[in-house]
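Only one structure is covered here, and it is reproduced in the block below.
As the structure lists them, so they are numbered: ligands from 1, and atoms in each ligand from 1. These numbers come from the heavy atoms of this one structure, side chains and all, not from hydrogens, waters or symmetry mates.
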Amino acid sequence: MKVIEVPLVNAPYRVCVGVGLIGQVGELASGVVPPCRCAVVTDSNVGPLHGDALLGSLRGAGYDPVVLTVEAGEASKRMGEVERLCEEMIQAGLDRGSAVFALGGGVVGDLAGFVAAVFYRGVPHVQVPTTVVAQVDSAIGGKTGVNARGGKNLIGAFHQPRLVVADPAVLGTLPPREFNEGHAEIIKHAAIRDAGMLDALDNIEALVPRNIAIKAAIVAEDEFETAGVRALLNFGHTIGHGIEAAAGYGALLHGEAISLGLVAACRLSVARAGLPVEEAERVVEALGGFDLPLRLPSEISTGAVVEALKHDKKFLSGKVRFVLLERLGVARVDTGLTIRDLEEAVEGLR
Ligand SMILES: NC(=O)c1ccc[n+]([C@@H]2O[C@H](COP(=O)([O-])OP(=O)(O)OC[C@H]3O[C@@H](n4cnc5c(N)ncnc54)[C@H](O)[C@@H]3O)[C@@H](O)[C@H]2O)c1
Ligand SMILES: [Zn+2]
């Protein structure tokens, strides 16, 4: 087992990574969350596959879990589900002394984390991430929340988990498209912080802790995204989010849209920040290695992407804050780009 500390001043916690750890969550958690009546929030795909392993381990450690299942998919990340889960938890006898375990991908993690943030004004939660995205990214850092009609992740809270347990073995049941998708975030981490990882992309068991260490370090430096460092994690996400929205949510998986955003951001980095062309090409090749898209589908118009970009939270102040690479592994925030520059970069993806 590898242990990565997230050394936050007020609420430090550990991320435990290792094959088979899903069967030890109870034991690992009992040190930081006293055994109690607790909720296991999961989704309709993950529960049947991995629920029993988690429940067995929780019961073995003295917890008394009730399982709450949401429909798999992004649509479950909404306020209606927050209310339903809270009501069911009250019905099931949970109270301020209870805890929430999130078993699933980023949807379950964000939703269950937010429920934990607001139930009885906040109870402890443990993240047990089951997708590549969740293990290397969303389960760490304390950003929880749901979507609003007006946009993704607009309702939420910072609520750090007490513990994260990532078991790479559970990734074995992921459909290939979801498995590949998660590698867009891994390649993003490599690009901004750890170029050497681009030569080691074929071993997911080794990649998970390496990526968690990057995310944990950035979160520790900038817990509330006020110092600017955490913003570097948005590399590839400005144009990527625009493409994701323009395609219509669901048409492209998040990681697929981010792949295109990364390609565009690398090219802009060559033009504006002196990134060597061959370094940009290494990123593009790495994405291609996971069958991630490198060209914008013809049915997505540049105009639609630009319109979506203008609605992005990051543009509310009127200034474009865009992450560029100076070298592989060295990223910075740039404020000199215009919407017109981004439009050209989107056009360059054809
Ligand atoms: N909080 C953060 O910092 C943060 C960061 C990145 C992404 N996110 C959020 O994460 C969400 C995306 O997360 P995701 O990509 O994990 O999607 P997801 O949770 O929807 O999971 C993808 C699909 O895989 C299924 N699945 C999950 N684990 C499985 C397993 N082990 N075996 C078989 N099937 C499995 C799910 O049921 C779902 O159908 C988005 O809502 C995004 O906003 C949050
Ligand atoms: Zn992302």
Under the side chain to side chain donor-acceptor pair (under 3.5 Å) rule, what do H125 and T144 come out as? Steps first, then yes or no, please. CA-CA 11 Å; H125 72 119; T144 73; over 6 Å; no
Hey, are T42 and H50 close enough side-chain-wise for a donor-acceptor pair under 3.5 Å? no
Before signing off on this row, confirm whether G104 and ligand 1 have an N or O atom pair separated by under 3.5 Å. no
Taking D194 as the fixed residue, which of K215, R210, K188 is the one that meets the salt bridge (charged side-chain N to carboxylate O under 4.0 Å, His left out) rule? R210
Hey, is ligand 1 close enough to D43 that some N/O pair sits below 3.5 Å? yes
Tell me which one of V107, V46, L111 gets a heavy atom nearest to atom 19 (O) of ligand 1. V107
Under a plain distance cut-off of 3.5 Å, with no hydrogens placed, do K143 and N153 share a side-chain donor-acceptor pair? no
Check E185 and report its N/O/S atom nearest to the Zn ion (ligand 2), by atom name. OE2
Check whether the side chains of T302 and E347 place a donor and an acceptor atom closer than 3.5 Å, and report yes or no. yes
In terms of its nearest heavy atom to atom 17 (O) of ligand 1, the top option of G106, G145, G142 is G106
Heavy atom of D110, distance to ligand 1 below 4.0 Å: yes
R230, any N or O under 3.5 Å of ligand 1 N or O: no
Who's the nearest protein heavy-atom neighbour of atom 33 (C) of ligand 1, and how far? T173 O, 3.1 Å
Pair E181-H254, side-chain donor/acceptor within less than 3.5 Å: no
Any N or O of T131 closer than 3.5 Å to N or O of ligand 1: yes
Numbered atoms and elements of ligand 1 in range of E74, under 4.0 angstrom, heavy atoms: 40 (C), 41 (O)
Quick check: is L287 connected to V346 through a chain of hydrophobic side chains (ILVMFWY, heavy atoms under 4.5 Å apart)? yes
Closest to atom 43 (O) of ligand 1 among H50, K143, E185, K77 (heavy-atom distance): K77
